[in-house]
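Before any comments, here is the structure.
Here the structure is a predicted model, which means the values were calculated and not measured.
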Amino acid sequence: MNSIPEKPTLDGIEARWAERWEADGVYRFDRGADRDQVFSVDTPPPTVSGSIHMGTIFGYTQFDSVARYQRMAGKQVFFPIGWDDNGLATERRTQNYFGVRCDPTKQYEPDFEPPFRGDVPAKHHEVPVSRPNFVALCEELTAIDEAVFEEIFRRLGMSFDWTLLYTTIDAGSRRTSQLAFLRNLARGEAYSADAPTVWDVDDRTAVAQAEIEDRERPGAYHLLAFHGTGDNAGDVMIDTTRPELIVSCVALVAHPDDERYQPLFGSTVRTPLFGVEVPVVAHPLAQPDKGTGIAMVCTFGDTTDVTWWRELDLPTRSVIGRDGRIVATPPEWLETPEALAAYEAIAGKTVKQAQAATVEALTASGEMHGDPRPLMHPVKFYERGSRPLEIVTSRQWYLRNGGRDEDRRNAFLARGKELDWYPDHMRHRYDHWVEGLNGDWLVSRQRFFGVPIPLWYPLDDDGEPRYDSPIVPADDTLPIDPSTDVPPGYTADQRGRPGGFAGDPDVMDTWATSSLTPQIAGQWVDSVLSGGSLFGNVFPMDLRPQGPEIIRTWLFSTVVRAHYEHGSLPWTSTAINGWILDPDRKKMSKSKGNVVTPMGLFEQYGTDAVRYWALAARPGVDTAFSEDQMKVGRRLATKLLNASKFVLSTPDPSGGDVEIDPVDAAMLARLGQTVAEATTAFEGFDYARALEHTESFFWWFCDDYVELVKQRAYAGEAGAAESARHALRTALGTVQRMFAPALPFVTDEVWSWWHDASVHAEAWPAAPAVTSELSLDAASEVLARVRRAKTEAKRSQRAGVARLVVTGPAGWIAQLEPCRRDLVDALTIADFELSAGAEDAAVGIAVELVPDEA
RNA sequence: GGGCGCAUAGCUCAGCUGGUUAGAGCACUGCCCUUACAAGGCAUAGGUCGGGGGUUCGAGUCCCUCUGCGCCCA
């Protein structure tokens, strides 16, 4: 038997136990386990962005408790963790932290030192650095942040197998991501196309539908006169919020049923300022009640323009460059000197500047009627961006996701139905997203810190890339970087030369890699290239826990990749956690400035207390951040210390069979019920209900049962004392194990007082094989009533009871008879009378306290 | 505009397939320094289950509708 501290404390237990778990490999996955013994969890690797949000703590704690249960229930738990570090978020932090900016035209400098490490002055101009230098700085910064994240997750008590740690930029992830992409390409699921693409002008990269959000922004309708031609000599008035795009106008469009414009369909008009002749066409997407009911189609003002352009087969007249400015050279479709002069006024300007110049010119020419009419309207932004998105034409890589293909869409909807969702209603978010897709998944990004698209292109005699016949690397050479690696059959000096080759300059979208976390963590590549067996033992995984905000991105894209590569779901179940709301019930977010950091809370309340707060929330339910709940959790943890100390301080029961006392049997039967309820709850991933049942039993056990039997356990007659001592220890050991998934630190602390191995390596408790007809509810009632009497008499709970008369229905009184001796001891009763009446008799409890001597 | 979710005690929430006087914790109030526990324990009090209508012997629970809030998508 190990020793029990004189004064048990929660202080410092996190560091002690976290270290012990790692040293003993308590959470290490056993690769020899068969698939049916494995419970595998696809943990979404968090973005290492400098600080951890309480929402992450919240969700991760919930599924850690599920994983801990599964481990105790006998499963080999495959519980990897990774860091999602590639992508634009890291690039931005690197720029801000070091004061640099990536310029791929620069040469690599082996001894480069960044101008700053943190604390970059506001006026500093970013120093351009080569791509390899920039990537090295990204890696330096993520290493710092990842160390902080690891410390927090260890402190949180996450039962990850840290030997499985990966990052989404490491060699294994790059290899996985590139191999999966090449196989998508080979099967025709990936393709490249030169097409209109939603473009962020600040980050100078294409962005995907999933990264776009609408924001309400002020704008204005401008009423413009287009001029009829031929027989229709009159002006046609249109309302537009983007007059600067008149030069890109390729048509006017109205609804086919709109009688006002019937006569115009098939005719042409000339644009204001530029005099370009464009057709008037009909399309059902035109909204008769919006503005004048007829709109100008530009290439491209918004995604509806793209639809019109595609479906009506209109020409392309783009003028917005990738920097968000009107291109300097006048386009060839402008013919007249007036048109060229008008273009001169906007050339080289930003969209905003060009709009002002255009309005000025229109006012001067009299082609704008009245003043602009302000309105609020939704404008598309990159979710991390600060300027509206533009649409430019560029060559990009896509993965087919059903956005343009009914059969694939139906296949992905079917996958969504096949998946078990916890809670079930979260499946609607998936369905709506898939049903609303309007294009394939754009996976290429014109960025630097990401997994390179693993392709080269042959250059023709003019030095132009032949995009239709990319050069593919051999699988066993992955990962590659086509900007430095040379394709088979070529030499390095042929790079960029006519007849030579060029590497694809782009990297993949971060989701193109993080959609492969089951394959990365499960070492799928090894199973493909060298027959490794791990993947088959963990995939498809059992559970994907995650937040609701990444259903449309992460969850969906992971389903897409597994569907293509494995013809299956990536996991059988997904559990979606809720939001964290601040006490005012507003969503916590950095921009609102109401974010709390976890480390301070761990120190103030103890990790188990913070975990208690997270685990008290029902699965999937939005939950208020509540330090009050943490206080309750701390009290529970403290109670577990004290109760454990007390139970273990009763005399050790001797071996051998004892005859079980009816009171003890009743408690153990109730305990058995609790075990059954907690087990059922956990099997359905309902950690909250499991905790609630355990907690409520535990408080009853402390308040009533322990009080009833403490005298007997200490000093009762031999057999009865033995029974109580056995029962106390049985209940304590069961409760400690049932609390272990929720409160890993305090439970291992108290478990260690009487065991050598970690409680987390123990089996989930079975219900004691004890049945009982006896209910202790009547005894609890008597305890409460006598306590109340003492309280009302302003007496100590130690005060003796001179005489206690309990009357009630015979059946109810019968429940008290077996408790008589324990009640007498617990309440210090001199004279105890039980009086059975008729079955409809009222319960009466008359308490006569011994006189107060004071 | 469409979808999903929520509305129960002052606060945060349970209440599973409709069934005895609606539960817990926190806060409040009161009592107690009881040899496990005073950064604690015990106990009291507190609710027309958002409004309206319907189904049913019976509705917090099922249906309709309205109101308010949150999230997602247009």
Side-chain angles (χ1 to χ4, degrees), chain A residues 4-11 209-210 212-214 287 289 303-304 377-378 380 421 423-438 547-553 576 578-579 581 583-587 604-606 609 612-613 616-618 620-650 677 680-681 684 686 688-689 691-693 695-696 699-700 702-704 706-707 710-711 713-714 728 732 750 783-800 826-828:
Chain A
I4 303 171
E6 190 59 37
K7 183 75 183 169
T9 176
L10 298 174
D11 295 338
Q209 184 183 352
I212 299 170
E213 63 186 26
D214 282 353
Q287 296 176 33
D289 55 343
T303 51
T304 312
H377 63 154
K380 294 205 182 308
W421 296 77
D424 189 70
H425 69 257
M426 292 291 182
R427 66 171 67 251
H428 297 299
R429 302 194 187 202
Y430 176 95
D431 291 342
H432 291 150
W433 176 251
V434 177
E435 285 162 5
L437 287 169
N438 57 26
E549 73 282 8
I550 52 174
I551 291 173
R552 63 185 186 149
T553 48
I576 310 293
W579 293 112
L581 310 170
D584 297 332
R585 298 205 61 77
K586 293 282 187 285
K587 186 179 147 192
Q604 187 175 357
Y605 299 105
Y612 176 89
W613 157 74
R618 252 58 195 174
V621 173
D622 296 349
T623 302
F625 174 78
S626 165
E627 294 195 42
D628 282 346
Q629 277 296 89
M630 296 177 197
K631 290 177 188 164
V632 176
R634 183 171 181 90
R635 189 143 60 225
L636 175 62
T638 305
K639 188 78 173 177
L640 193 54
L641 286 178
N642 289 319
S644 297
K645 180 186 174 192
F646 177 71
V647 169
L648 295 175
S649 70
T650 58
E677 287 163 340
T680 303
D686 194 342
R689 192 178 291 274
L691 175 58
E692 185 184 39
H693 281 299
E695 187 185 7
S696 115
W699 281 105
W700 171 82
C702 291
D703 290 347
D704 289 359
V706 170
E707 292 301 326
K710 66 204 290 188
Q711 302 279 351
Y714 266 122
L728 282 167
L732 182 71
V750 294
L783 284 174
R785 295 286 280 269
V786 173
R787 283 176 189 142
R788 190 190 312 171
K790 290 178 179 177
T791 296
E792 283 169 356
K794 304 199 177 194
R795 298 288 301 279
S796 159
Q797 292 298 329
R798 301 175 76 179
L827 296 168
T828 328

Between [Y] and [X], is the closest basic N to carboxylate O distance under 4.0 Å?
X        : Y        : answer
A:Glu692 : A:Arg618 : yes
A:Arg787 : A:Asp704 : yes
A:Asp431 : A:Arg552 : no

Side chain of [X] only, please: which of [options] is the nearest?
X        : options             : result
A:His425 : B:C71, B:C31, B:C4  : B:C4
A:Ala624 : B:U12, B:C26, B:G30 : B:U12
A:Val706 : B:G70, B:G25, B:A36 : B:A36
A:Phe646 : B:A14, B:A74, B:A36 : B:A36
A:Asp628 : B:G70, B:A14, B:C26 : B:C26
A:Trp433 : B:A36, B:C73, B:U44 : B:C73
A:Lys639 : B:C71, B:G25, B:A36 : B:A36
A:Asn642 : B:C26, B:A14, B:A36 : B:A36
A:Arg552 : B:C73, B:A14, B:C26 : B:C73

Considering every strand shown, what is the Watson-Crick or G-U wobble mate of [N] when both distances are under 3.5 Å?
N     : value
B:U56 : none
B:C69 : B:G5
B:G46 : none
B:C26 : B:G10
B:U21 : none

> Checking A:Lys631 against A:Tyr605: charged group under 6.0 Å from the ring centre and within 45 degrees of the axis?
Replying inline: no
> Given that A:Ala616 and A:Lys710 both sit by RNA chain B, which one's nearest nucleotide is further toward the 5' end?
Replying inline: A:Ala616
> Which residue lies toward the 5' end of RNA chain B, A:Ala643 or A:Asp703, if each is placed at its nearest nucleotide?
Replying inline: A:Ala643
Does [N] have OP1 or OP2 sitting under 4.0 Å from an N or O in the side chain of [X]?
X        : N     : answer
A:Arg429 : B:G3  : no
A:Arg635 : B:C26 : yes
A:Lys790 : B:A43 : no
A:Arg787 : B:U44 : no

Pick base, sugar-phosphate or nothing for [X], based on heavy-atom distances below 4.0 Å to the nucleic acid.
X        : result
A:Arg634 : nothing
A:Trp699 : sugar-phosphate
A:Glu213 : nothing

> B:G23 C1' sits how many Å from A:Glu695 CD, rounded?
Replying inline: 14 Å
